[in-house]
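See below for the structure under consideration.
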Number of protein chains: 2
Amino acid sequence: MTTPKARGYHHGDLREALVVSGRKLLEDKGIRGFTLRECARRAEVSHAAPAHHFASMDDLLAELVRRGFAELTASMKAEADRIEGEPAARLVGLGVGYMAFAAANPALFQLMFSREANRIESKHGDAGADGVRRLQAAVVDEVLAHASGEVRQRAADFAWATMHGFITLVLEGEIGGRDSSRALKTRGLAALAAMAETVVRSAR
Amino acid sequence: MTTPKARGYHHGDLREALVVSGRKLLEDKGIRGFTLRECARRAEVSHAAPAHHFASMDDLLAELVRRGFAELTASMKAEADRIEGEPAARLVGLGVGYMAFAAANPALFQLMFSREANRIESKHGDAGADGVRRLQAAVVDEVLAHASGEVRQRAADFAWATMHGFITLVLEGEIGGRDSSRALKTRGLAALAAMAETVVRSAR
DNA sequence: TTTGACCTCTTTTCATCGTCAAGATTGGTA
DNA sequence: TACCAATCTTGACGATGAAAAGAGGTCAAA
């Protein structure tokens with residue numbers, strides 16, 4: 001935590017400061033309002049300083065996406081781990097963690113799952129969603145331990161699609177536009193419960 | 001179809017030409033590569049000409065989004081209408097139409113359901129997804145004619161979330177990355193079938 | 001037919017953006 | 001201590017969205 005005046009010519013930890021201010025800026029102004037120069041201003045640094053830490057704007061965005069996926073999987077894992085009982089309940093837990101992260105970081109979440117993210121990542125060869133996929137596949141496999149690979153894959157498709165679709169539509173205002181946050185959580189849990197039930201049922 | 005040389009000082013139908021070239025550009029370069037000046041170039045017109053038809057870039061994008069929603073509902077309706085039998089089958093048909101539009105217009109589809117779209121539309125007060133919501137609510141109501149309002153709302157949430165989530169994840173490459181188009185359609189239909197079955201089952 | 005108002009398009013200008021090149025400053029190391 | 005590499009600043013370039021001002025074309029009223 002450097003106070004504004006406390007630094008001289010060198011910043012000290014500009015790379016980290018840019019990640020922080022960039023993330024804030026992304027949520028404030030959206031992807032189209034995201035500007036490298038504004039990131040620099042918020043970090044109280046000249047407009048060309050970021051170039052020494054990120055080769056381009058896409059490079060900074062790629063870092064934000066990378067960290068976003070790490071946090072997303074952590075959030076899912078945390079929610080799932082606090083549930084001891086049924087694997088199906090853990091599947092709901094994954095969804096709760098997924099939606100919690102998305103609700104807390106709507107713009108970043110959208111960026112992570114946008115075509116722009118693919119364009120950005122393709123230069124770096126990274127596929128950040130693999131952690132999410134693995135985490136979910138593992139829990140689905142618990143629920144459907146005795147099912148065929150195809151059934152399990154389709155159940156994983158279905159589970160991911162439901163939780164991703166629900167929170168995406170909520171963030172865009174298409175679902176629960178005037179609902180209270182409380183009521184919305186109830187609707188989300190209902191969707192997750194229906195999803196888990198469908199996955200369980202696909203066993204037979 | 002005006003040939004390049006066939007026009008004089010006036011374009012004739014620049015507004016429509018900008019919509020066409022803008023839509024193409026959006027799919028070619030993505031939302032972050034979308035440029036008013038490039039739209040103008042593709043319409044073979046000076047960079048300031050669009051201002052007389054669209055007050056700003058957001059204005060043009062809003063028009064693209066508006067038309068996108070009209071086409072999306074039309075595509076859903078067309079697929080649903082060709083199915084005569086069970087209401088549940090029509091629900092799957094809606095999903096097929098939904099995914100077909102999204103697959104044919106991936107960038108536009110993402111824009112329609114992005115936070116940027118909300119930002120853009122809020123200036124125009126338009127909520128383009130209402131047609132989709134109504135269409136789907138109607139079919140869900142057929143399937144669940146005797147259910148309570150809450151059950152029907154949750155079924156509608158669930159149905160929309162599943163089809164939206166699935167196609168969104170496909171477009172981003174998270175589902176079926178190396179699948180053939182044929183295999184992917186099968187996976188999509190499986191997800192839609194599971195969704196319809198769950199909706200039907202929620203009746204009791 | 002003439003005229004004049006109005007639309008459409010172009011040219012010019014301005015502030016801002018991403019990126020690059022060159023120079024200033026600093027901290028560590030030999 | 002003296003150098004060197006990393007860090008940051010300044011200045012420049014081309015591109016962009018938007019606004020202003022002027023040129024070209026259309027069309028209806030006189």
Side-chain angles (χ1 to χ4, degrees), chain A residues 2-26 28-65 111 116-117 119-120 123-124, chain B residues 2-26 28-65 111 116-117 119-120 123-124:
Chain A
T2 42
T3 66
K5 291 263 184 99
R7 76 166 183 99
Y9 197 91
H10 282 34
H11 180 283
D13 196 3
L14 181 54
R15 185 182 169 92
E16 202 59 27
L18 287 171
V19 168
V20 170
S21 65
R23 187 157 170 174
K24 184 80 183 338
L25 177 59
L26 181 62
D28 285 352
K29 300 289 175 61
I31 183 62
R32 292 198 32 243
F34 187 89
T35 270
L36 211 45
R37 283 168 116 106
E38 178 64 21
C39 286
R41 270 189 291 270
R42 293 189 178 200
E44 293 177 316
V45 115
S46 85
H47 66 261
H52 297 270
H53 300 275
F54 299 99
S56 67
M57 194 170 70
D58 284 0
D59 226 38
L60 173 51
L61 288 175
E63 176 68 17
L64 295 182
V65 167
L111 176 62
E116 303 305 318
R119 216 175 292 247
I120 291 168
K123 296 175 186 169
H124 300 69
Chain B
T2 42
T3 67
K5 292 261 182 105
R7 77 169 182 95
Y9 196 91
H10 282 34
H11 181 284
D13 196 2
L14 181 55
R15 185 182 169 92
E16 202 60 27
L18 287 171
V19 167
V20 170
S21 65
R23 188 157 170 173
K24 183 81 183 340
L25 177 59
L26 181 61
D28 285 353
K29 300 289 176 60
I31 184 62
R32 291 196 33 240
F34 187 89
T35 270
L36 211 44
R37 281 167 116 106
E38 178 64 21
C39 286
R41 270 189 291 270
R42 293 188 178 201
E44 293 177 316
V45 114
S46 86
H47 65 261
H52 297 271
H53 301 274
F54 299 98
S56 68
M57 195 171 69
D58 284 359
D59 226 37
L60 173 52
L61 288 174
E63 176 68 17
L64 294 181
V65 167
L111 176 62
E116 303 304 318
R119 218 175 289 249
I120 292 167
K123 296 176 186 170
H124 299 70

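Letters A, B, ... mirror the listed sequences (proteins, then strands); counts begin at 1.
Between B:Leu61 and B:Leu111 the shortest side-chain heavy-atom distance falls below 4.5 Å. B:Leu18 is not listed as a side-chain neighbour of B:His11, based on a closest heavy-atom distance of 4.5 Å or more. The side-chain heavy atoms of A:Pro50 and A:Leu60, taken from C-beta on, include no pair separated by under 4.5 Å. Side-chain contact between B:His53 and B:Glu63 is absent, with no heavy atoms from C-beta onward closer than 4.5 Å. Between B:Asp28 and B:Glu38 the shortest side-chain heavy-atom distance does not fall below 4.5 Å.
Of the residues near DNA chain D, A:Ala49 and B:Glu38, the one whose nearest nucleotide (by heavy atom distance) lies more toward the 5' end is A:Ala49.
For DNA chain D, the neighbouring residues in residues 28-37 of chain B, judged by any heavy atom under 4.0 Å, are B:Thr35, B:Leu36, B:Arg37.
When all heavy atoms of B:Ile31 and A:Glu116 are compared, the closest pair comes out as N-OE2, 3.3 Å. The two atoms that bring A:Gly22 and A:Phe34 nearest to each other are O-CE1, 3.3 Å, heavy atoms only. For the pair A:Val45 and A:Ala49, the tightest heavy-atom approach, listed with the atom from each and the gap, is CG1-CB, 3.2 Å. Considering every non-hydrogen atom in both A:Ser46 and A:Ala40, the closest pair reads O-CB, 3.4 Å.
One finds the CG atom of A:Leu25 at 14.0 Å from the CZ atom of A:Arg37 (value rounded to the nearest 0.5 Å). Rounding to the nearest 0.5 Å places CG of B:Asp59 at 10.5 Å from CG of B:Leu64.
The separation between B:Asp59 atom CG and D:dG17 atom P is 14 Å, rounded to whole Å. Atom-to-atom, CG of B:Leu60 to P of D:dG17 comes out at 11 Å; the value is rounded to the nearest Å. In this structure, the CE atom of A:Met57 is 6 Å from the P atom of C:dT19, given to the nearest Å. The CG-P distance, from B:Leu18 to C:dC9, rounds to 9 Å in whole Å. The interatomic distance linking B:Leu61 (CG) with D:dT16 (P) rounds to 15 Å, in whole Å. With rounding to whole Å, A:Glu44 atom CD is found 11 Å from D:dT9 atom P. Between the CD1 atom of A:Ile120 and the P atom of C:dG18 there is a distance of 13 Å, given to the nearest Å.
The nucleotide whose nearest atom lies closest to any side-chain atom of B:Ser46 is, among C:dT19, D:dT10, C:dT10, C:dT10.
Evaluation of atom-type donor-acceptor distances gives a pair under 3.5 Å for the side chain of A:His47 against the base of D:dG11.
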Are any protein N/O atoms closer than 3.5 Å to N/O atoms in nucleotides 23-29 of chain C? If there are, list each pair with its distance.
residue : atom : partner : partner atom : Å
C:dA24  : N3   : A:Tyr9  : OH           : 2.9

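Here B:Arg41 lies in heavy-atom contact (under 4.0 Å) with sugar-phosphate atoms only.
Between the two ends of the helix from C:dT1-D:dA30 to C:dA30-D:dT1, each summarised by a five-pair axis, the helix axis turns through 10° (rounded to 10 degrees).
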